[in-house]
Amino acid sequence: SDIDVNSNQTEIFFSPSGAKRIDVYDFNTTGDVSDGFTFSTTGTTLNKWFGSFQFNPTGTKVFALMRESAAGAVTGIYQYNLTTAWDTSTMSSTEDEYVAFSTLNSNINTVTGRAFAIDEDGLNIYFSAFNTAGSPGGTGPYLYKLPLSTAFDLSSYGTISSEESSTATQVAVCTFSINTDKYITYTHTTSGQIFKNGIEPEDEIDSQINLNERVYITTTPDNETFFGMNNFNPGSGFVSVIYQFTTSF
């Protein structure tokens, strides 16, 4: 359901469909998806199902949108701690911190996991979801921001705010540049554009490949290399394909 990459681009992390864990694969060539990956570690089975997730920069914490059941709605934001950095077999099986959407904003409607990102200073969590106002379809999608007073500590959360993305049918992914309001997002349209937002006007990066709506993007510390994942059906069942692209914020 999501991916992330460690800080030196030697490992990539997947949350497998139908499983409550994060598995680890090694890059066969550092930072180069074209040479493939080799399975490394099976992660701890957790108490919830992943929507989207992200590590902190040191690999000692995972923050995630989670569901109570595989087909359920995302209920909130969770924090899991690792006793060994980047080793998901050392994750606690039960969350260390949790905040419910019902506590933050009763109008948040997250039937499926969409964008989720934490800026590099760890003081803001971003995610996208629809607003239940205007039911049954709701409005939005909205990009929500949840500030933290202590970096990478969910227990220090503050007052949530939101901004409507009125031009997008679905904000499917996002990742943020360091200490700025610029971010990469995927807009689910017929042409499958990837945009670099937070800039006026929006700067389109790629509209050549229709990535569909089930796609995720993660970034590297230089904020220039990005890894994306898309699930598609070539005719014999769904498979996941990893993409890599480079752009400067």
*Asks:* Hey, do the aromatic rings of F37 and F27 have their centres closer than 6.0 Å?
*Replies:*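 Here the rings of F27 and F37 have centres that are less than 6.0 Å from each other.
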*Asks:* If we ignore angles and hydrogens, is there a donor and acceptor under 3.5 Å between the side chains of N28 and T38?
*Replies:*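 Distance-only check passes for N28 and T38.
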*Asks:* Determine whether the aromatic ring centres of F101 and F127 lie less than 6.0 Å apart.
*Replies:*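 Yes, ring centres under 6.0 Å apart.
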*Asks:* Going from CG on D26 to OG1 on T41, what distance comes out if it is rounded to the nearest 0.5 angstrom?
*Replies:*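 Between D26 CG and T41 OG1, I get 7.0 Å after rounding to 0.5 Å.
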*Asks:* Who are the side chain to side chain contact (heavy atoms under 4.5 Å, CB included) partners of W86, not counting sequence neighbours?
*Replies:* N6, S7, E11, F13, F55
*Asks:* Do you know the tightest heavy-atom contact between V5 and Q9?
*Replies:* CG1-CA, 3.8 Å
*Asks:* Of all heavy-atom pairs between T44 and T90, which one has the smallest distance, and what is that distance?
*Replies:*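 For T44 versus T90, the nearest heavy atoms are OG1-N, 4.0 Å.
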*Asks:* Report the residues that fulfil side chain to side chain donor-acceptor pair (under 3.5 Å) with N47, sequence neighbours left out, ordered by chain and then residue number.
*Replies:*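 N47: side chain to side chain donor-acceptor pair (under 3.5 Å) contacts with Y80, E95.
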*Asks:* Nearest 0.5 Å, what's the CD1-OG distance between I22 and S89?
*Replies:*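 Those atoms lie 11.5 Å apart.
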*Asks:* Where do V62 and L82 land on the side chain to side chain contact (heavy atoms under 4.5 Å, CB included) test, with the steps shown first?
*Replies:* CA-CA 8 Å; V62 171; L82 291 75; 3.8 Å; yes
*Asks:* Can you tell me how the ring of F14 sits relative to the ring of Y25, calling it parallel under 30°, perpendicular over 60° and tilted otherwise?
*Replies:*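 Perpendicular.
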*Asks:* Does Y98 have more than 12 heavy atoms from other residues, nucleotides or ligands lying within 6.0 Å of its OH?
*Replies:* yes
*Asks:* Does some side-chain heavy atom of N56 sit less than 4.5 Å from a side-chain heavy atom of I118?
*Replies:* no
*Asks:* Side chains of I125 and F116: closer than 4.5 Å at any heavy-atom pair?
*Replies:*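 Contact flag for I125/F116 side chains = yes.
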*Asks:* For F50 versus S15, what's the shortest heavy-atom pair and its separation?
*Replies:* CD1-OG, 3.1 Å
*Asks:* Check T45 against S93 and note the closest heavy-atom contact, atom names and distance.
*Replies:* O-CB, 3.5 Å
*Asks:* Supply the atom-to-atom distance M66 CE to Y78 OH, rounded to the nearest 0.5 angstrom.
*Replies:*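 Answer for the CE-OH pair, M66 versus Y78, is 7.0 Å.
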*Asks:* Under a 4.5 Å cut-off applied to non-hydrogen side-chain atoms, are Y157 and I160 in contact?
*Replies:* no
*Asks:* Kindly write out the residues that satisfy side chain to side chain contact (heavy atoms under 4.5 Å, CB included) with L123, not counting sequence neighbours, or none if the list is empty.
*Replies:*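 L123 satisfies side chain to side chain contact (heavy atoms under 4.5 Å, CB included) with D121, A151 only.
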*Asks:* Under the side chain to side chain donor-acceptor pair (under 3.5 Å) test, which residues partner S34, sequence neighbours left out?
*Replies:* D32
*Asks:* Within this structure, what is the CZ-CG distance for the pair F63 and L148, rounded to the nearest 0.5 Å?
*Replies:* 7.0 Å
*Asks:* For the CG atom of L146 and the OG atom of S162, what is their distance to the nearest 0.5 Å?
*Replies:* 12.0 Å
*Asks:* Nearest 0.5 Å, what's the CZ-CD distance between F152 and Q54?
*Replies:* 7.0 Å
*Asks:* Would a 4.5 Å heavy-atom cut-off, applied to side chains only, mark Q79 and D153 as touching?
*Replies:*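 Yes, at least one pair of side-chain atoms sits under 4.5 Å.
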*Asks:* According to side chain to side chain donor-acceptor pair (under 3.5 Å), who are the partners of S156, at least two apart in sequence or on a separate chain?
*Replies:*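 Applying side chain to side chain donor-acceptor pair (under 3.5 Å) to S156 gives none.
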*Asks:* For Y144, give me all partners under side chain to side chain donor-acceptor pair (under 3.5 Å), at least two apart in sequence or on another chain.
*Replies:*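 By the side chain to side chain donor-acceptor pair (under 3.5 Å) rule, Y144 matches no residue at all.
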*Asks:* How close do W49 and E68 get, heavy atom to heavy atom, and via which atoms?
*Replies:* CD1-O, 3.6 Å
*Asks:* Kindly indicate whether the side chain of T88, heavy atoms from C-beta on, has any atom under 4.5 Å from the side chain of R21.
*Replies:* no
